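Notes for the one structure printed next.
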Amino acid sequence: MSAPSLTPSKEAGIRPPQPPVDGPPRRGGSFGRSLKRNLTAHGFLIGAVLCFAFFSWYPMVREFFLAFQKTDRGEVSWVGLDNLSTVFNDPAFWQAWRNTALYTLLALVLGFAVPFVAAIVINELRHGKGYLRLLVYLPVMLPPVASVLLFKYLYDPGYGMLNEVFGFFGLPEQQWLQDPGLSLLSVVIASTWMNMGGAALIYLAALQGIPGELYEAAELDGAGLLRKIWHVTIPQTRLILSLMLLMQIISTMQVFVEPFLLTGGAGPEGSTTTVVHLIYQYAFNFNDYGAAAALGLLLLVLLAGFSAAYVKLSRAEDE
């Protein structure tokens with residue numbers, strides 16, 4: 001006698017359990033979640049784009065039109081190149097460009113080299129790197145106005161600490177902000193101290209990414225510290241150095257806060273008048289917004305041309 005079958009028979013009218021069928025997922029729920037997620041992301045993106053367009057793109061477009069317009073008692077009229085002619089015929093125009101170029105050159109010597117040297121020194125130390133990084137970056141965390149007022153106190157010819165240090169070593173006291181030959185250099189020194197922290201940390205991060213085997217190979221070849229820096233450090237950080245050079249030039253060509261607070265903007269005999277300060281004078285002292293926009297447009301074209309040339313040269317070197 002055979003054993004009863006455990007499998008349900010068709011005659012009994014009982015269907016065996018069927019395996020689940022993998023069909024297409026429900027599109028309604030997943031589509032709704034995806035749409036909600038994308039709408040949220042696009043909402044944040046649209047907000048950022050609108051803010052950037054309102055505070056960056058619109059002023060640039062408005063400046064372009066203002067450079068060829070004249071506003072007189074609320075009436076706007078097109079004047080063509082008259083604003084550019086007014087700017088070019090101003091004696092302060094060429095002095096402002098000379099001061100800006102000299103400031104940029106001095107800032108490259110100090111503001112570009114000093115942070116790199118500070119980063120190398122910190123990277124070579126074995127202990128206290130965290131404290132030194134904090135010490136170097138501390139000026140960046142201070143408000144610019146507070147930092148400038150600190151240097152204004154240091155430069156004071158009567159009770160300034162810098163002249164007291166000079167007198168202690170028997171050196172003659174200096175009129176740091178009152179002497180036309182020293183005022184621009186004094187502004188560069190203050191600006192370098194205020195802004196070197198961020199650049200130093202960027203250089204330090206680039207230095208820590210250099211493989212140690214390269215330095216070991218250089219030491220085996222008998223290379224000293226300077227040769228290791230020249231043949232290993234600089235080539236390995238060439239990309240970040242070139243990028244920081246471009247950013248340094250662009251930022252120094254637009255300097256305004258430091259000379260405005262230290263020397264009142266123009267300085268003794270106009271020695272610290274920069275292009276941006278001249279734009280400020282046209283707009284808010286002379287109420288000539290057309291000339292201010294024309295000078296700003298010239299600065300924009302110059303910096304854009306320099307950036308384009310830099311990108312082209314960088315691509316040529318990479319190829």
Side-chain angles (χ1 to χ4, degrees), residues 52 56 60 97-125 129 132-133 136-137 139-141 144 184-185 187-219 221 223-258 274-276 296-319:
F52 190 79
S56 296
M60 286 190 292
W97 281 104
R98 285 195 301 269
N99 292 338
T100 303
L102 180 58
Y103 179 90
T104 302
L105 180 62
L106 293 174
L108 289 178
V109 174
L110 294 178
F112 185 70
V114 171
F116 188 64
V117 173
I120 292 176
V121 172
I122 295 175
N123 190 55
E124 292 294 325
L125 296 177
K129 288 185 178 181
L132 289 177
R133 285 198 298 263
V136 170
Y137 194 73
V140 181
M141 295 186 288
L184 192 62
L185 178 61
V187 173
V188 172
I189 293 174
S191 178
T192 301
W193 183 83
M194 291 168 55
N195 302 305
M196 65 174 291
L201 291 187
I202 293 175
Y203 292 142
L204 184 59
L207 292 175
Q208 292 177 349
I210 300 176
E213 294 81 2
L214 298 177
Y215 289 108
E216 294 176 1
E219 291 179 358
D221 291 339
L225 177 61
L226 295 180
R227 291 185 61 187
K228 287 192 295 184
I229 293 174
W230 182 257
H231 293 287
V232 178
T233 304
I234 294 180
Q236 291 294 317
T237 57
R238 181 179 63 87
L239 180 61
I240 191 66
L241 284 173
S242 59
L243 178 61
M244 294 299 293
L245 176 64
L246 174 64
M247 296 178 63
Q248 178 83 7
I249 293 177
I250 292 176
S251 62
T252 52
M253 289 289 290
Q254 302 178 69
V255 63
F256 174 76
V257 175
E258 292 86 349
T274 61
V275 174
V276 178
L297 184 62
L298 289 176
L299 182 61
L300 173 64
V301 171
L302 176 65
L303 294 179
F306 176 78
S307 302
Y310 166 81
V311 171
K312 186 176 182 179
L313 291 175
S314 299
R315 289 180 178 177
E317 290 180 0
D318 293 337
E319 294 176 357

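One-based numbering along the sequence shown. Remember, it's a predicted structure, so these values are computed and weren't measured experimentally.
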What is the minimum heavy-atom distance between [X] and [Y], and which atoms define it?
X	Y	answer
Leu243	Tyr310	N-OH, 3.3 Å
Thr100	Val275	OG1-N, 3.1 Å
Ser307	Ile250	OG-CD1, 3.6 Å
Phe306	Leu246	CE2-CD1, 3.3 Å
Thr252	Tyr103	O-CD2, 3.7 Å

Please round to the nearest 0.5 Å and tell me the distance separating atom [atom1] of [X] and atom [atom2] of [Y].
X	Y	atom1	atom2	result
Leu132	Leu125	CG	CG	6.0 Å
Glu258	Leu184	CD	CG	11.5 Å
Thr192	Leu108	OG1	CG	10.0 Å
Leu300	Gln254	CG	CD	9.0 Å

A side-chain contact here means heavy atoms from C-beta on lying under 4.5 Å apart; do Met141 and Tyr137 qualify?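 Heavy-atom side-chain distance check passes, below 4.5 Å.
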Under 3.5 Å, which donor-acceptor pairs do the side chains of residues 194-216 form with other protein atoms, sequence neighbours left out?
| from | atom 1 | to | atom 2 | distance (Å) |
| --- | --- | --- | --- | --- |
| Asn195 | ND2 | Ser191 | O | 2.9 |
| Asn195 | ND2 | Ser191 | OG | 3.2 |
| Tyr215 | OH | Thr233 | OG1 | 2.8 |

Met253: which of Leu302, Thr274, Val276 passes side-chain contact (heavy atoms from CB on, under 4.5 Å): Leu302
Looking at residues at least two apart in the chain, or sitting in another chain, which of them share a ring-ring contact (aromatic ring centres under 6.0 Å, His included) with Trp193?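 ring-ring contact (aromatic ring centres under 6.0 Å, His included) list for Trp193, sorted by chain: Phe151.
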Above 12 or not: heavy atoms from other molecules or residues under 6.0 Å from CE of Met247? no
Can you tell me if CG on Leu239 sees more than 12 non-hydrogen neighbours from other groups inside 6.0 Å?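 No, the 6.0 Å shell around CG holds no more than 12 heavy atoms from other groups.
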